[in-house]
2 protein chains.
Amino acid sequence: MRVTTWAEYGLIVSLHLAKEGGETPTPARDLAEREGLPGDYVEQILLKLRRAGLVKSVRGAKGGYFLAHDPQTISVKDVMEAAENRTFEVYCDAHRVNLSRCGPNGDCSLRPVWRELQRRIDEMLSSVSLADLMRQESEVEALVAQ
Amino acid sequence: MRVTTWAEYGLIVSLHLAKEGGETPTPARDLAEREGLPGDYVEQILLKLRRAGLVKSVRGAKGGYFLAHDPQTISVKDVMEAAENRTFEVYCDAHRVNLSRCGPNGDCSLRPVWRELQRRIDEMLSSVSLADLMRQESEVEALVAQ
DNA sequence: TCAATATCCGACGCCTAGGCTCGGAAAGCA
DNA sequence: TGCTTTCCGAGCCTAGGCGTCGGATATTGA
């Protein structure tokens with residue numbers, strides 16, 4: 001079980017824009033270079049974030065991207081879902097290995113485990129905002145420890 | 001973020017053996033057929049589970065596999081780690097994209113989030129045993145809901 | 001009006017790892 | 001001596017993660 005670069009980079013990029021603040025657009029290429037990320041790839045990710053309504057873009061010279069909302073109103077989960085389409089995929093939902101077990105009428109004691117896991121992951125990721133991430137690592141550590 | 005078939009099948013297989021009970025060996029092929037899983041693949045998974053000490057095997061005719069311990073002492077996390085090597089991989093631990101950020105002296109506010117997420121996932125998966133999973137789906141659902 | 005700068009967007013290419021198969025060696029029964 | 005079964009490495013196929021590229025469109029400033 002792992003997080004992809006879509007989510008990881010998506011968060012780095014969003015966080016960068018959050019720190020930038022305001023509505024002055026930052027070009028994708030500048031952002032990528034300053035974060036040490038592949039430029040073309042960052043562009044793809046910003047496109048996804050824009051389609052999800054998390055960032056806004058300005059085209060043409062002097063254009064770029066800026067955050068669409070207040071960092072406090074954007075959660076880690078929001079960014080991950082925008083970048084990765086999902087936070088956690090329940091296997092048996094996607095691949096019905098055995099219909100008599102995985103179907104709606106089946107009885108599979110594993111399903112509740114995955115569902116609950118998904119719930120807790122989402123809960124955790126929803127509870128952290130971009131504003132939270134603008135602090136020092138040590139502060140975030142304290143904040144996040146329940 | 002998703003669970004692989006290694007973990008999913010590993011759990012199905014372990015659970016099957018738990019229900020079987022006792023020390024009478026069940027052949028991998030029989031198990032696979034009754035669970036509707038690919039036989040050769042199940043064999044690989046059982047091998048992993050054996051190496052992790054979760055199941056024991058008897059070679060030769062009339063041989064097969066049985067659970068090494070009481071189902072109550074084996075958690076979902078145990079099985080997943082045996083089958084998948086890890087429950088949750090923290091991205092920046094595996095791939096240091098940017099040394100000044102991801103290195104030990106770097107300051108990355110994302111790390112605490114992943115670490116805490118990992119902690120909570122492990123906590124959840126440790127709290128459910130194979131014995132718990134031997135119940136009906138609806139019972140497990142109630143059990144697991146915190 | 002032209003050149004430079006950016007976003008926009010689809011398509012494609014590499015490579016890893018997940019998911020599964022195969023073939024054969026060793027071990028234990030009948 | 002067969003038959004069954006575990007053991008184990010090797011290999012195959014595909015999807016998807018991870019990026020790259022090329023060109024169209026929009027905007028700015030000279």
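The sequence lines fix the lettering, A, B, ..., with proteins before strands; numbering per chain opens at 1.
Contact check on A/Arg119 versus A/Glu116 returns a salt bridge, with a Lys/Arg side-chain nitrogen under 4.0 Å from an Asp/Glu carboxylate oxygen. Salt-bridge formation is not detected for the pair A/Asp93/B/Arg2: no Lys NZ or Arg NE/NH1/NH2 atom is positioned less than 4.0 Å from an Asp or Glu carboxylate oxygen. Salt bridge annotation for B/Glu23-B/Lys56: absent, with no cationic side-chain nitrogen under 4.0 angstrom from a carboxylate oxygen. Using a 4.0 Å cut-off between charged nitrogen and carboxylate oxygen, B/Glu35 and A/Arg101 count as a salt-bridge pair.
Taking only distance into account, the side chain of B/Arg59 meets the base of C/dA26 through a donor-acceptor pair shorter than 3.5 Å.
Look at NE2 on A/His95: it is 7 Å from P on C/dG19, rounded to the nearest Å. Atom-to-atom, CG of B/Leu37 to P of C/dG18 comes out at 18 Å; the value is rounded to the nearest Å. Atoms CG (B/Leu46) and C1' (C/dC20) sit 15 Å apart, rounded to a whole Å. In this structure, the CD atom of B/Glu43 is 15 Å from the P atom of C/dG24, given to the nearest Å. Atom CG of B/Leu47 and atom C1' of C/dA25 are 14 Å apart (whole Å). To the nearest angstrom, C1' of C/dA6 lies 10 Å from CG of A/Asp30. Here the P atom of nucleotide C/dC14 and the CG atom of A/Asp40 are 16 Å apart, to the nearest Å. Residue A/Ile45 contributes atom CD1, which lies 15 Å from atom P of C/dC8 at whole-angstrom precision.
A/Arg29 has no side-chain polar atom (N or O) that falls below the 4.0 Å cut-off from OP1 or OP2 of C/dA6. Contact annotation: B/Thr5 side-chain N/O to C/dG19 OP1/OP2 distance is under 4.0 Å.
Annotation for B/Glu33: atom CD does not count as buried by contact number, only 12 or fewer foreign heavy atoms lying within 6.0 Å.
Each of B/Arg2 and B/Val58 has a nearest nucleotide on DNA chain D; the 5'-most of these lies closest to B/Val58. Nearer the 5' end of DNA chain D, as judged by each residue's closest nucleotide, is the contact made by B/Ser57, out of B/Ser57 and A/Gly39.
A/Phe66 belongs to a hydrophobic cluster whose remaining members, ordered by chain and number, are A/Val58; membership requires side-chain heavy atoms of ILVMFWY residues under 4.5 Å apart, directly or through intermediates.
First and last contacts of DNA chain D with chain A, using any nucleotide atom under 4.0 Å from a protein heavy atom and ordered 5' to 3', fall at D/dG17 to D/dT28.
When atom types are taken as modelled, the side chain of A/Arg111 and the backbone of A/Cys102 share a donor-acceptor pair closer than 3.5 angstrom.
The side chain of A/Gln44 has C/dC9 as its nearest neighbour among C/dC8, C/dC9, C/dG18.
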